[in-house]
Number of protein chains: 2
Amino acid sequence: MAGKKGAGVLELAVLGLLHESPMHGYELRKRLNTLLGMFRAFSYGSLYPCLKQLLTSGLIMEDRPEEPNTALALQSRRSKIVYKLTADGKERLQQLLTEAGPASWEDEGFGVHFAFFSHTRADVRLRILEGRRSRLEERLESVRAALARTRERVDSYTLELQNHGLESVEREVRWLNELIGRERAEQEQQARSSSQTNQDMPRENGR
Amino acid sequence: MAGKKGAGVLELAVLGLLHESPMHGYELRKRLNTLLGMFRAFSYGSLYPCLKQLLTSGLIMEDRPEEPNTALALQSRRSKIVYKLTADGKERLQQLLTEAGPASWEDEGFGVHFAFFSHTRADVRLRILEGRRSRLEERLESVRAALARTRERVDSYTLELQNHGLESVEREVRWLNELIGRERAEQEQQARSSSQTNQDMPRENGR
DNA sequence: TTCGTCATGTAATGGGTTACATGATTAC
DNA sequence: GTAATCATGTAACCCATTACATGACGAA
């Protein structure tokens, strides 16, 4: 158990998708790439090794529905391999979904983490959104500073590029602001209704 | 000529920056990261090996300005190393700036290629912009198709993510449209003025 | 029966990061 | 004189890609 760094983004994505429903690799990859569509695309060369690794570490298992009545005794020669989560896998997924750190708000990971927000605790969601926002704001500030420093020394295409980048990020920040606002409103509403019924927020007992 | 794949994006970026003015590695990296600000950030761990490789392949050379009057006979112990392009390097840069292929319009390369558009031929610029646009439109189409297929089966966060991605890309397409429009207008104007004067005036009048 | 798609995999490679190690210069 | 920053470099590793190889299955 020492070391054994997970496959980063892919691990979460695979576990998350398999949690929604069991699947075989090929389909997994398609769902992956439509899910993340604009952000990333994985190839088989990374997916299958990842599945293999998850298998050997006991987070997923093969799940052959066994519908062999149809007179095919050896139907298993290079057929589909459907994977599903094990108990350990569910636990691992839960763990991944609970940590709100750089991995969850940097460029590589944010999309995937966001995609599974409906399985994520509300407070974690909020911290991830805020983390990403402040990350982007850092970037904005440093680029704006650089832009102010070098004003008039850059050619028009460079300027155009930096402006477009700036505007894109500003746009994402506005998007995050709106999401954060919604999350906060939701939390308040929940807090209100729970204080009404004299209950403190149940802190995610392990089910 | 056999093999010797260049260091991808970095090679172009380094050659391009050094073409504008000689620099040492540390400064190069800063300029690199402000130039590309929103898109990429390189670390020394990739920059210095790249410089080394460019050095050994003769595309850049050390350029010590030699201002040693100040009584420092051994001023060179671990001092700055300023690099500049060689003739080969300039040629290579020109070559890189002339090819309008996937490398120039895929996500990884587009920003860098665009950043040096002022050193790029007008027709190449146009083809790169159009290449990127059609690349993005492909992506839009496939995501929209997927979205239509799975409508109502996805949870709200996934939907939110996909929508945001979609809008981001649509926005970039609009940006590209405008740039392409400008480029075309410029080309037409140049064509017009050159046809106007091509009978009695020497062609090639630079401003 | 052949072609396109579904489906699973591996080996070689690649481009990059992190963490580390160290020296030089500047500001206080 | 010491801390921060400038400046150069390397080794170990990581995540993923490309290209390849193979096999099953349905439709023309």
Side-chain angles (χ1 to χ4, degrees), chain A residues 2-14 22-33 36 39-56 60 62-64 68 70 72 74-83 101-103 106-109 111-112, chain B residues 2-14 22-33 36 39-56 60 62-64 67 70 72 74-83 101-103 106-109 111-112:
Chain A
K4 210 54 182 174
K5 289 283 187 187
V9 210
L10 244 184
E11 183 186 8
L12 171 57
V14 167
M23 248 176 287
H24 56 273
Y26 189 87
E27 193 186 350
L28 202 44
R29 190 229 179 192
K30 278 195 306 183
R31 300 258 281 130
L32 216 52
N33 290 344
L36 303 177
F39 309 100
R40 323 194 46 145
F42 294 99
S43 57
Y44 300 121
S46 40
L47 178 59
Y48 283 114
C50 173
L51 283 171
K52 197 179 207 176
Q53 190 238 299
L54 290 175
L55 201 57
T56 60
I60 63 177
E62 301 186 5
D63 174 40
R64 318 214 182 215
T70 43
L72 270 182
L74 39 85
Q75 102 298 28
S76 64
R77 296 220 336 141
R78 184 91 170 204
S79 171
K80 290 186 191 179
I81 302 176
V82 175
Y83 295 100
E106 289 301 322
D107 289 336
E108 331 83 56
V112 181
Chain B
K4 212 53 183 176
K5 288 285 186 188
V9 209
L10 245 185
E11 183 186 9
L12 172 56
V14 168
M23 247 175 288
H24 56 275
Y26 189 86
E27 193 186 351
L28 202 44
R29 189 229 180 192
K30 279 196 305 183
R31 300 258 281 131
L32 216 52
N33 289 344
L36 303 177
F39 308 100
R40 324 193 47 145
F42 294 100
S43 58
Y44 300 120
S46 41
L47 178 58
Y48 283 114
C50 174
L51 283 171
K52 198 179 206 175
Q53 190 239 298
L54 290 174
L55 200 58
T56 60
I60 63 178
E62 301 185 5
D63 174 41
R64 321 214 181 213
E67 29 174 310
T70 44
L72 271 182
L74 40 86
Q75 101 297 28
S76 65
R77 298 219 335 139
R78 185 90 170 204
S79 171
K80 291 186 192 179
I81 303 175
V82 175
Y83 295 99
E106 289 301 322
D107 288 336
E108 331 83 56
V112 181

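Fair warning: this is a prediction, and the values are worked out from it, not measured in the lab. Naming: A, B, ... by sequence-line order, numbering from 1 per chain.
For the atom pair CD of B/Glu27 and OH of B/Tyr83, the computed distance is 13.5 Å after rounding to the nearest 0.5 Å. Rounding to the nearest 0.5 Å gives a distance of 8.5 Å between OH of B/Tyr26 and OH of B/Tyr48. Taking CE of A/Met23 as the reference point, atom CD1 of A/Ile60 lies at 11.0 Å (rounded to 0.5 Å). The NZ atom of B/Lys30 sits 13.0 Å away from atom CG of B/Leu47, with the distance rounded to the nearest 0.5 Å. Atom CD1 of residue A/Ile81 and atom CG of residue A/Leu51 lie 9.0 Å apart, to the nearest 0.5 angstrom.
The nucleotide whose nearest atom lies closest to any side-chain atom of A/Phe42 is, among D/dT17, C/dG16, C/dT10, D/dT17. Nearest to the side-chain atoms of A/Tyr44 among the listed nucleotides C/dT8, D/dA16, D/dT8 stands C/dT8.
Contact between the side-chain N/O atoms of B/Tyr48 and the OP1/OP2 oxygens of D/dT8 is found at a separation under 4.0 Å. Within the structure, every side-chain polar atom (N or O) of B/Lys80 is placed at least 4.0 Å from both OP1 and OP2 of C/dT25. Close to D/dA16, at under 4.0 Å from its OP1 or OP2, lies no side-chain N or O of A/Ser43. For the pair B/Tyr26 and D/dC6, the criterion of a side-chain N or O lying under 4.0 Å from OP1 or OP2 is met. Contact between the side-chain N/O atoms of B/Ser46 and the OP1/OP2 oxygens of C/dG15 is not found at any separation under 4.0 Å.
Residue A/His24 contributes atom NE2, which lies 4 Å from atom P of C/dA7 at whole-angstrom precision. Between B/Met23 atom CE and D/dA7 atom P the separation is 12 Å, expressed in whole Å. Per the geometry, CG belonging to A/Leu47 stands 14 Å off P belonging to D/dT18, to the nearest Å. B/Leu54 has its CG atom 16 Å from the C1' atom of D/dG9, to the nearest Å. Rounded to whole Å, the distance from CD on B/Glu108 to C1' on D/dA16 is 12 Å. At whole-Å resolution of the value, CG in A/Leu51 and P in C/dT10 are 11 Å apart. One interatomic measurement links the two molecules: CD1 of B/Ile81 to P of D/dT8, which rounds to 6 Å at whole-angstrom precision. For B/Asp107 and D/dA16, the CG to P distance is 16 Å, given to the nearest whole Å.
Within the nucleic acid shown, B/Arg29 has no heavy atom closer than 4.0 Å to any nucleic acid atom. A/Gly45 comes within 4.0 angstrom of a nucleotide base, judged by non-hydrogen atoms across all strands.
Each of B/Lys30 and B/Tyr83 was assigned the nucleotide of DNA chain D with the nearest heavy atom; the assignment lying further toward the 5' end belongs to B/Lys30.
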